[in-house]
S.K.: 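Sharing a structure below in structure tokens format, with a few things to ask.
Every chain is numbered from 1, with letters handed out A, B, ... down the list of sequences. Predicted model only: the values in this text are computed from it and were never measured.
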Amino acid sequence: MAKSKLLTAAALSSALILVACGGNTQDEDATATTTMTETDTSLETVLETEETIALEVEQVEADVVDADDMMDDMMSDLMDMTLVFFEFDKFDIKAEYRDMLDAHAAYLAKSGAKVVLEGHADERGTREYNLALGELRAKQVAAYLQVKGVSASQIDVVSYGEEKPLAIGKTEAEYSQNRRVEFVY
Amino acid sequence: MKRITATLKVFLIACSLISPFALADLDIVVTKGYDSQTKIAVVPFYWGGSSTLPERVDNIIVSNLTRTGRFEPMDAGKMLSQPSTEEAVYYRDWRLLSQEYVVIGHMEPLAGNRVKAEVALFDVVKSKRVFKVSQEIGVSQLRDFGHSLSDLIYERITGVRGVFSTRIAFVTRDAKGADNFEYRLQVADADGQRARTVYKSSEPIISVTWSHDGKKVAFANKVGDRWKIFIQELSTGRISSISDARGYTSAPSFSADGRYLAYVSSEKNSPEIYLYDFQTGSSKRLTRNTYIDTEPSFSPDSNYIVYTSEKGGRPQIYQYSLATGRSERLTFEGSQNLRARYSSDGKYLVFIQLREGRFHVASMDMATKDIRVLTETNLDESPSIAPNGTMLIYSTQQGNKGILAWVSLDGQVTNQMASNFGDVIEPAWSPYLN
């Protein structure tokens, strides 16, 4: 799909960074990739450059391959995460979701793909208030993605309120599963 | 921006198709009543016909009066006599049985599937007849007749108008497989009987409300990636919608004169309260902040709109003055207070209060601001007061199932309505319909 194509592109781009920096392993991933592949032509350049340098410096090539795999895995792991969970009656995004959201943002910004952000609440409280909470949770995620370069036109926000729980039950364990925003591509 | 779409033929057809599959009846169980109840003997009505009538009017009266928690109808098996004419009513006999009131009825068949009915109420203590009704009715109207009689009996004894002839609207949700539900908006008699589906959808229906003339209901239905408000005329099934270009639109509330509809829209980022004018077809925004404002509801005089806002950090109830455009916070106790509705005389508010981790129905006396918790159940939602202000209906849960329940405004009487179907949610009590 479009997603895997992008991941390859992202991996290749970071390979170029690594080469350019003389093989230093760096943790800058998503931010670096967003600035890289602007057009198709630059992507071709990347491919060429990588090949050339890789042939010349063997040691670097090995490092690059490892880093590529790592990057691939990390990105796809982060992209596999499609749920952001919230505290009761809250819609602020917890810090632990930043990496995941950054990966989604990078993908969206690159690909121009569209995403539906579904906002949900647990069953406690009234249906209308929960509809509002779900809406604000989804909009909070949408705002984060936009700050990271995703266009508003790529994002559709829809609240389900308390109407579509992920887990059925009356304890915090289930409730915490239901207070969420889902990425639906 | 907002627009009202004209009649949708699709829905009309859908509704006429749905009616035959109306929900079977819901049974109400009285779970708590008053200590001191009025003793009333409803004598089984005499029926002069050869075939059995589809409805026993005396049974309808007994179950109506029982449900209020204010009456203790006598067991027919313990009656010394079962008179059906005034001459046969011996007050002394009923005094011996400690009865305060006696109801008798006499019914004879007429041509054309009609019935001639004579029903009377007697005050045993004063040894006099309170009223006598003599009426010809169609066999198909027996249930309506039973509710009207119940209204009359209730009013003559308590001095308060009865609500047995009113209706309730609610939503049922039935599972049709994994992640697949059928939602039906239904309108039933106040006792839950004769439920009729007026609208159905595979997506959630919430926030049902009546117009003050009882002719229309409004509600919100998720349609694709939007929530729209629909307004349905009950006699014709004709439906129109209000929808914003973006975000969700929900929580409708009619003004008393029917000219305005208060509602919530998230079009401008956070959910805000708007006022739609049916005459001009335009909307005006009433609240303006970055917090959640929702669940607007008009006061009976239409001068105020009560609503839920979390601008103080947690959801609390505020009252917006349409004259000044200012809001006043009404609730300060309880960690959350949500979804308020006025009583028809405007003297009380009923709402949902979060207290010690549980969501209860509570009421507030508008003069003293005193709050009283009315229910012992948890996860209560959607309280809606009867037009005579004596009872309110709300939804709660039993196990994981949504059920309807009633509670009196003094918290003394509670009833629950069991249903063989999935969840029953979002009840709304109609105004007086006649």
S.K.: Tell me, side chain or backbone of B/S250 under 4.5 Å from chain A's heavy atoms, or both, or neither?
M.R.: both
S.K.: So for A/E162, is it side chain, backbone, both, or neither that comes closer than 4.5 Å to the heavy atoms of chain B?
M.R.: side chain
S.K.: Quick one: closest heavy-atom pair of B/E381 and A/R127, and the distance?
M.R.: OE1-N, 2.9 Å
S.K.: CZ/A/R124 to CG/B/L354 distance, rounded to the nearest 0.5 angstrom?
M.R.: 8.0 Å
S.K.: Please say whether more than 12 non-hydrogen atoms of neighbouring residues, nucleotides or ligands are located less than 6.0 Å from CD in A/E96.
M.R.: yes
S.K.: Determine the option with the most heavy-atom pairs under 4.5 angstrom with chain A, choosing from B/I352, B/N400, B/D293, B/T308.
M.R.: B/N400
S.K.: Within the supplied structure, the quantity of interest is the number of heavy atoms (other residues, nucleotides, ligands) at a distance under 6.0 Å from A/K94 NZ; does it exceed 12?
M.R.: yes
S.K.: Quick check for you: among B/R314, B/Q336, B/E203, which has the greatest number of heavy-atom pairs under 4.5 Å with chain A?
M.R.: B/Q336
S.K.: Under 4.5 Å heavy-atom distance to chain B, tell me which part of A/F91 shows up: side chain, backbone, both or neither.
M.R.: side chain
S.K.: Of all heavy-atom pairs between B/I292 and A/L136, which one has the smallest distance, and what is that distance?
M.R.: CG1-CD1, 3.3 Å
S.K.: Between A/S159, A/A143, A/G125, which shows the greatest number of heavy-atom pairs under 4.5 Å with chain B?
M.R.: A/G125
S.K.: Kindly check if the number of other-residue, nucleotide or ligand heavy atoms within 6.0 Å of OH (B/Y348) is above 12?
M.R.: no
S.K.: Below 4.5 Å from any heavy atom of chain A, which atoms of B/Y183 appear? Answer side chain, backbone, both or neither.
M.R.: side chain
S.K.: Are there over 12 heavy-atom neighbours, none belonging to A/Y144, within less than 6.0 Å of that residue's OH?
M.R.: yes
S.K.: If you count heavy-atom pairs within less than 4.5 Å of chain A, which of B/S382, B/S270, B/P315 leads?
M.R.: B/P315
S.K.: I'd like to know if B/R339 pairs up with A/E128 as an ion pair, taking the criterion as any Lys NZ or Arg NE/NH1/NH2 lying under 4.0 Å from an Asp or Glu carboxylate oxygen.
M.R.: no
S.K.: Pick one of side chain, backbone, both or neither for A/L131, based on which atoms fall under 4.5 Å of a heavy atom in chain B.
M.R.: both
S.K.: Can you confirm whether more than 12 heavy atoms, excluding those of A/F183, are under 6.0 Å from its CZ atom?
M.R.: yes
S.K.: Which heavy-atom pair separates B/G399 from A/K170 by the least distance, and what is that distance?
M.R.: O-CE, 3.6 Å
S.K.: Between A/K139 and B/N269, which heavy-atom pair has the shortest distance, and what is it?
M.R.: NZ-O, 2.5 Å
S.K.: Taking the side chain from A/E163 and the backbone from B/P204, do they hold a donor-acceptor pair closer than 3.5 Å?
M.R.: no
S.K.: Between A/A132, A/G161, A/A142, A/G169, which shows the greatest number of heavy-atom pairs under 4.5 Å with chain B?
M.R.: A/A132
